[in-house]
Amino acid sequence: MTIQVKFFASLREKMGVSESKIESVATAGDAWDLVTNHAEHPINILVAINLEYAQFDSPVNDGDEVAFFPPVTGG
Amino acid sequence: MTIQVKFFASLREKMGVSESKIESVATAGDAWDLVTNHAEHPINILVAINLEYAQFDSPVNDGDEVAFFPPVTGG
Amino acid sequence: MSIHISEQPFDPWVEITQHQKQSALEKQFGATATFIGSMRDFNDGAKVSSMVLEHYPEMTQRYLEKLEQQAHQKWDLLDSLIIHRVGDISLADPIVLIACWSAHRRAALDACNWLIEELKHNAPFWKKESRQDGERWVENNTDGT
Amino acid sequence: MSIHISEQPFDPWVEITQHQKQSALEKQFGATATFIGSMRDFNDGAKVSSMVLEHYPEMTQRYLEKLEQQAHQKWDLLDSLIIHRVGDISLADPIVLIACWSAHRRAALDACNWLIEELKHNAPFWKKESRQDGERWVENNTDGT
């Protein structure tokens, strides 16, 4: 099983990555570190696990989808 | 010059009068008394002089239009 | 800014569409907030079949114009539209339309909310319902619940 | 209750009209409150010519469905409709539509107001503007002013 990591909007452009598949990690923060090679967390960056808002220290399980994105600007 | 007195809605039906022209009076309350023969003021009745909300003791001048009506229920 | 007292049925969405088309401000509209009050088939637990809406024509026009001006003083509105039916009203007919246009959303939303509350509390309109048990003047409709 | 994410332009008044026609509840509607957010030609003092709206499709759908359900739990709504554009947006295009129907006015007005605020603060959409000085991600649009 793998974990899918997604980046959106300005963060996607900044990181140059939209999706990445990684092996097991313990938290969303670990997934960030693995994909970004320990890049600093941009201010206000948001985290979602399986389509629900979460935190960098929220646990991640195999098969989960972890997403990182900037503050939302819809509507 | 005369003063025009108007009644609306349930008050119009209750009084059996929609419009009445009267001679000079000092206040809206005097106009009420003259037209209704000193009928008691129904609870919550509203007063307008020249299309603006007023009170029973508001002064009335020749040529004015005085209206009495129940609480409004538009919208 | 526009006020219209209508003795004929009106379609609020057509009225809004037409009003927007006539406006030169369209590309500045960031926000549009609207409220439509319609005639329900039930009131206070009784079935209502039709309604007559009486008003005090000169005062209605004047009151609504002042209300609209006040809203434009209180909020940064680009445009607004108020339509109110009078006369014989059938089931499901729209009775009142409030529409507010602004660059940013809070102005349109707050002005629309304020206008319908002020209108409900002070504009000289009166509803007389035809019910199974006869005609009845509506006594109060201002609490919004 | 209905949620629609649209890659094509939509006319909010036509959508509302169609939604109401399909509804069996029409004669119970006493109140309809709507909000439409549209693309303005100015933002933060710069002229904007077009926009791309990115979103997180699976999360957007799920988030808006939960939001609509919450609104129906908090207020006594008869129906509601949420439409949000994504993709390439032209000047004056409607971006979001919120419509709420209820028997009495406060439910529709308060739910509509709550839904647009919640959507603006939390739904995973992002705007990228094309301006005279190039493309720019909008950084914040949540304060309503």
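A, B, ... follow the sequence lines: proteins, then strands. Residue 1 opens every chain. Computed from heavy atoms alone, side chains included, the values below leave out hydrogens, waters and symmetry copies. Quick caveat, the model's predicted, so the values are computed rather than measured.
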query = Would A:F69 and D:H55 satisfy side-chain contact (heavy atoms from CB on, under 4.5 Å), going step by step from the backbone distance to the final call?
reply = CA-CA 10 Å; A:F69 46 80; D:H55 73 137; over 6 Å; no
Residue-level contacts of residues 17-36 of chain A with chain D, using a heavy-atom cutoff under 4.5 Å = none
note = When rounded to the nearest 0.5 Å, the distance separating CD of A:E52 from CZ of D:R62 is 4.5 Å
query = Under the 3.5 angstrom rule, does the side chain of D:K120 hit a backbone N or O of A:V72 as a donor-acceptor pair?
reply = no
query = Once you round to the nearest 0.5 Å, how far does CD1 of A:I49 lie from CE of D:M59?
reply = 11.0 Å
task = Please state whether the side chain, the backbone, both or neither of A:N50 comes within less than 4.5 Å of a heavy atom of chain D.
result = backbone
inquiry  = Heavy-atom cut-off 4.5 Å, strictly under: side chain, backbone, both or neither for D:K128 against chain A?
reply    = side chain
inquiry  = Side chains of D:N122 and A:Y53, heavy atoms from C-beta outward: is any pair under 4.5 Å?
reply    = yes
query = Which residues in residues 7-15 of chain A have any heavy atom lying under 4.5 Å from a heavy atom of chain D?
reply = A:F8, A:A9, A:S10, A:R12, A:E13
task = Ignoring hydrogens and angles, tell me if any N or O in the side chain of D:W126 forms a donor-acceptor pair with the backbone of A:P70 under 3.5 Å.
result = yes
ask   = Which atoms of D:E58 come close to chain A, meaning under 4.5 Å heavy atom to heavy atom: side chain ones, backbone ones, both, or neither?
value = both
key: Neighbour count >12 (heavy atoms, 6.0 Å) for atom CG, D:D11   = yes
ask   = When rounded to the nearest 0.5 angstrom, what is the spacing between OG1 in A:T73 and CH2 in D:W137?
value = 7.5 Å
D:E65 atom CD, over 12 foreign heavy atoms within 6.0 Å = yes
message = So for atom CD, which belongs to D:E139, do other residues, nucleotides or ligands contribute more than 12 heavy atoms lying within a distance under 6.0 Å?
response = no
